[in-house]
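Beneath this line is the structure, given in structure tokens, with notes to follow.
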Amino acid sequence: MPRTMSAYRITAWEQPPALVEVEVPEAGPGEIVVEVAGNGLCHSDVIMGQMPASIGEAIGWTVPFTLGHETAGVVAAIGPGVTRVAVGMPVACMSPTSCGACDPCVRGHDNCCPHGVVGRGYGLDGGLASFVRVRSERELVPLRSLDPAVAGVLTDAGATSYHAVARVLPRVHPGSTVVVIGAGGLGSFAVQHLRALSAANVVVVDQNPARLDYAIELGAHEAIPGVESDTVRALRKLVPNGAAAVLDFVGTDDTIRCGLATTGVLGAFGLVGAGGGGVGGHWQSLLPRGGEVFTFQGPTIADTRAVIALAEAGRVRIDVERYALADVATAYADLESGALRGRAVVIP
């Protein structure tokens with residue numbers, strides 16, 4: 001008789017996720033089963049639970065599937081053909097999936113793989129369960145000293161923010177300023193990456209005073225409440241010639257306008273947050289002269305390896321709040337309320 005486990009799943013479109021019993025996965029050819037030590041929660045999980053069938057099916061997702069894309073644990077079983085990982089090895093699971101063979105993957109831009117639209121925790125079963133099946137060894141990053149119970153948050157929040165910071169570093173020099181809009185899970189990691197990898201002055205903008213205090217604790221030099229009508233004025237007072245880079249981890253109309261208005265000549269504006277915002281107006285009055293505007297979805301394998309190396313070297317800290325799988329709904333409520341200091345992690 002098959003073994004079963006509890007899993008937090010989207011069972012139908014436009015229905016709240018539910019904790020249900022499912023079969024424990026088995027490893028097929030080239031596959032690995034990981035016993036989950038911890039899975040970080042993300043705002044995008046909540047959005048998935050509200051997604052209409054027309055959108056989910058259009059991008060290739062099928063229900064039911066288990067949520068959770070910030071996963072780490074210990075290899076529990078390997079299938080035929082697996083050679084680079086062994087049972088008992090602690091690993092982090094890549095957040096995006098990728099094929100390794102298409103042009104973006106071959107060029108090192110595996111986060112742009114066309115096959116990555118369907119992945120673990122979004123269309124495929126994720127890590128909010130005791131075990132998760134991983135389709136390929138390329139989706140695993142070995143852990144040396146990090147506790148797998150908390151390392152999963154690096155695979156999305158930590159690595160996505162790292163990718164954003166790495167994109168703007170060529171435009172950042174000692175004495176220049178980088179503005180981070182949104183001091184939540186991704187923004188707080190971005191502050192740490194900027195302090196670890198650059199000599200920039202780091203300014204953080206957020207509506208939540210507690211998040212601003214936390215950002216200062218992590219190394220931000222300045223914290224500004226916002227985004228409000230006078231936020232741009234306050235930023236311009238701090239950085240009269242504009243910022244070398246602005247990273248928007250919110251993505252609403254107001255934050256995009258604020259970020260573009262604050263980006264200086266030759267600067268970079270990175271839109272990371274999925275707040276659904278936009279901006280109107282003539283491009284010459286909006287975009288940084290001689291600069292760049294970019295966006296992306298998720299980190300590369302190289303980003304994930306790099307941020308794990310930073311954490312293992314003690315240059316990035318991981319603050320988490322732990323929840324049992326039975327309390328996952330409470331964990332999501334705490335995440336949405338903005339009450340958390342660190343990342344919410346579910347320990348199956």
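Everything numeric here is computed off the predicted structure, so don't read it as measured data.
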[Y] side chain reached by [X] side chain, heavy atoms, under 4.5 Å:
X      : Y      : result
Val345 : Ile347 : yes
Leu67  : Tyr332 : yes
Cys102 : Arg107 : no
Phe269 : Leu287 : no
Leu197 : Tyr162 : yes
Pro96  : Pro299 : yes
Leu266 : Arg289 : no
Asn111 : Gln297 : no

Using modelled atom types only, decide if a donor and an acceptor are shared between the side chain of [X] and the backbone of [Y] within a distance under 3.5 Å.
X      : Y      : result
Ser176 : Val172 : no
Asp303 : Thr300 : yes
Ser6   : Ala129 : no

Can [X] and [Y] be counted as an ion pair, charged N to O under 4.0 angstrom?
X      : Y      : result
Glu26  : Arg133 : no
Glu31  : Arg135 : no
Arg120 : Glu70  : no
Arg305 : Glu312 : no

If I take atom [atom1] from residue [X] and atom [atom2] from residue [Y], how far apart are they, to the nearest 0.5 angstrom?
X      : Y      : atom1 : atom2 : answer
Cys93  : Ile32  : SG    : CD1   : 9.0 Å
Ser198 : Arg171 : OG    : CZ    : 15.0 Å
Glu321 : Leu41  : CD    : CG    : 11.0 Å

Does Phe65 share a hydrophobic cluster with Val33, counting links as ILVMFWY side-chain heavy atoms below 4.5 Å and allowing steps through other members?
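Different clusters: Phe65 never reaches Val33 through Ile, Leu, Val, Met, Phe, Trp or Tyr contacts under 4.5 Å.
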Cut-off 3.5 Å, side chains only: do Tyr214 and Asp319 have a donor facing an acceptor?
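Per modelled atom types, Tyr214 and Asp319 side chains form a pair under 3.5 Å.
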Judged by modelled atom types alone, do Thr4 and Glu21 share a side-chain donor-acceptor pair under 3.5 Å?
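Yes.
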Given the rule in the side chain to side chain donor-acceptor pair (under 3.5 Å) test, do Asp334 and Tyr323 qualify, once you have shown the distances and angles that lead to the verdict?
CA-CA 11 Å; Asp334 291 345; Tyr323 295 82; 2.7 Å; yes
